[in-house]
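Okay, so here's the structure we're looking at.
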Protein chains: 2
Amino acid sequence: MRLSKRGEYGLRAMIVLAGLPQPGAPLPVVQIKEISDREKIPGKYLEQILLSLKNAGLLHSKMGVGGGYYLAKLPSEITLGQIFRVLDGPLAPIRCVSQMAYEPCGCPDEQTCGLRLVMGDVRGAISSILDHTSLADVSKRQEAVRQQISKQSL
Amino acid sequence: MRLSKRGEYGLRAMIVLAGLPQPGAPLPVVQIKEISDREKIPGKYLEQILLSLKNAGLLHSKMGVGGGYYLAKLPSEITLGQIFRVLDGPLAPIRCVSQMAYEPCGCPDEQTCGLRLVMGDVRGAISSILDHTSLADVSKRQEAVRQQISKQSL
DNA sequence: ATGAATGTCTATCAATGCAATAGACTTTGT
DNA sequence: ACAAAGTCTATTGCATTGATAGACATTCAT
């Protein structure tokens, strides 16, 4: 049940983009290099990943001096599920329970297939997290943890 | 978030083993060929899979004429999580949230890493299903669905 | 207009893992 | 002794993954 490096890097990058201290301007534009340094991700690889995310409509970019990437929507409007699907495909562990990419699996009877019943639950559980957690939720949660920690250290 | 064929075949096979109509004898012994025919799994591949499951202590076997495989414990004592881990490794999407195979992931601060917080939830959700669903639970559920269906057809 | 800074695009590569196949070997029952 | 099962190890083809490379396009400052 593994998240690929592609997916991992992409999610990390989007979380950084969403969490960066916003300068007065409405659009915090960040360069690839800034993100790859911060998160220790190979720059050239991250390049491809951000490009995919851009082509999927989750990021916008600006070329040239002072350019970089910025979120295409508000952090509260981008879910981790959207990001994941762009980079790693369907959430479902097995295609016959996928909502976005269903395909029959050839078992004798799909309706009563035990594996399918359980994997349907798993897909649902994963989706209920990733499709209902936005980048804004992640930032909030990080902040909450930070406060928790500073409270304990008193 | 994909289940490998190995994992899929192994889970299917174990579910079959657990669900087979039990002849009077305490141990329903089933041959590889029987399972591979029923579930349309390449026989030689299934062989390796069942062997792994045996070496992991989830199956027992009997060689020679009239031999085959049978569950090493009661269906209620074998969880899908156990089977999954033997064939596909840790449940966690990312190693830094794995209970069985933890490894640091090198992010700046693990405690406040947004990705880690969310993937921890995902791991928990998957585990709460697979580690709390036994082969007996699967059989019960299949039976329930069958009854549901026959009720509707009236 | 020029040049530097940035993103865009496509190709390529090595390594790995996956799915499957093959075949020789061992044990057991009759 | 033979046939029916599981055991074990090697091999193979193929796709995917993670990464690197380099030529190209756009933008801005001067």
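Any value given below was found using the heavy atoms of this structure, including those in side chains, with hydrogens, waters and symmetry copies removed. Convention: sequence-line order gives letters A, B, ...; per-chain numbering from 1.
- Atom OH of A/Tyr45 is separated from atom P of D/dG18 by 5 Å (rounded to the nearest Å).
- Positionally, the nearest nucleotide of DNA chain C for A/Val65 lies more toward the 5' end than for the other of A/Leu51 and A/Val65.
- Along DNA chain D, the nucleotide nearest B/Lys62 and the nucleotide nearest A/Gly66 are compared for position; the residue whose nucleotide lies closer to the 5' end is B/Lys62.
- With distances taken from any side-chain atom of A/Met63 to the nucleotides D/dA25, D/dG6, D/dC8, the minimum falls on D/dA25.
- Contact of the B/Val86 side chain with the B/Leu53 side chain is registered, since non-hydrogen atoms from C-beta on lie closer than 4.5 Å.
- Rounded to an integer number of Å, the gap from CG of B/Leu53 to C1' of D/dT7 is 15 Å.
- Heavy atoms of A/Lys44 sit under 4.0 angstrom from at least one base atom.
- Considering only heavy atoms from C-beta on, B/Leu58 stays 4.5 Å or farther from B/Leu71 through its side chain.
- If you measure from atom CG of B/Leu50 to atom P of D/dT7, you get 9 Å, rounded to the nearest angstrom.
- A salt bridge does not link A/Asp137 with A/Arg141: none of the charged nitrogens is closer than 4.0 Å to a carboxylate oxygen.
- Counting heavy atoms of neighbouring residues, nucleotides and ligands inside a 6.0 Å radius, atom CZ of B/Arg2 does not exceed 12 of them.
- The side chain of B/Ser61 contributes an N or O atom lying less than 4.0 Å from OP1 or OP2 of D/dT7.
- Atom CG of A/Asp37 sits about 10.0 Å away from atom CD of A/Gln31, to the nearest 0.5 Å.
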Side-chain donor-acceptor pairs of residues 107-116 of chain B under 3.5 Å, sequence neighbours excluded:
from: B/Asp109; atom 1: OD1; to: B/Gln111; atom 2: N; distance (Å): 3.1
from: B/Asp109; atom 1: OD2; to: B/Thr112; atom 2: OG1; distance (Å): 3.1
from: B/Glu110; atom 1: OE1; to: B/Tyr102; atom 2: OH; distance (Å): 3.1
from: B/Glu110; atom 1: OE1; to: B/Arg116; atom 2: NE; distance (Å): 3.4
from: B/Glu110; atom 1: OE2; to: B/Tyr102; atom 2: OH; distance (Å): 3.0
from: B/Glu110; atom 1: OE2; to: B/Cys105; atom 2: N; distance (Å): 3.4
from: B/Arg116; atom 1: NE; to: B/Cys96; atom 2: O; distance (Å): 3.1
from: B/Arg116; atom 1: NH1; to: B/Glu110; atom 2: O; distance (Å): 3.2

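- Side-chain N/O atoms of A/Gln48 and base N/O atoms of D/dT20 include a donor-acceptor pair closer than 3.5 Å.
- A salt bridge links B/Glu143 to B/Arg146: at least one charged side-chain nitrogen sits closer than 4.0 Å to a carboxylate oxygen.
- For the OP1/OP2 pair of D/dT7 and a distance below 4.0 Å, the side-chain nitrogens and oxygens of B/Lys54 include at least one atom meeting the criterion.
- Backbone-only contact: A/Ile32 has heavy atoms under 4.0 Å from sugar-phosphate atoms and none from a base.
- Residue contacts for A/Lys33: at a heavy-atom cut-off of 4.0 Å it reaches no nucleic acid atom on any strand shown.
- Going from atom CG of B/Leu59 over to atom C1' of D/dA5 covers 15 Å, rounded to whole Å.
- Think of the region where chain A sits on DNA chain C: with heavy atoms and a 4.0 Å cut, that region ends 5' and 3' at C/dA4 to C/dA11.
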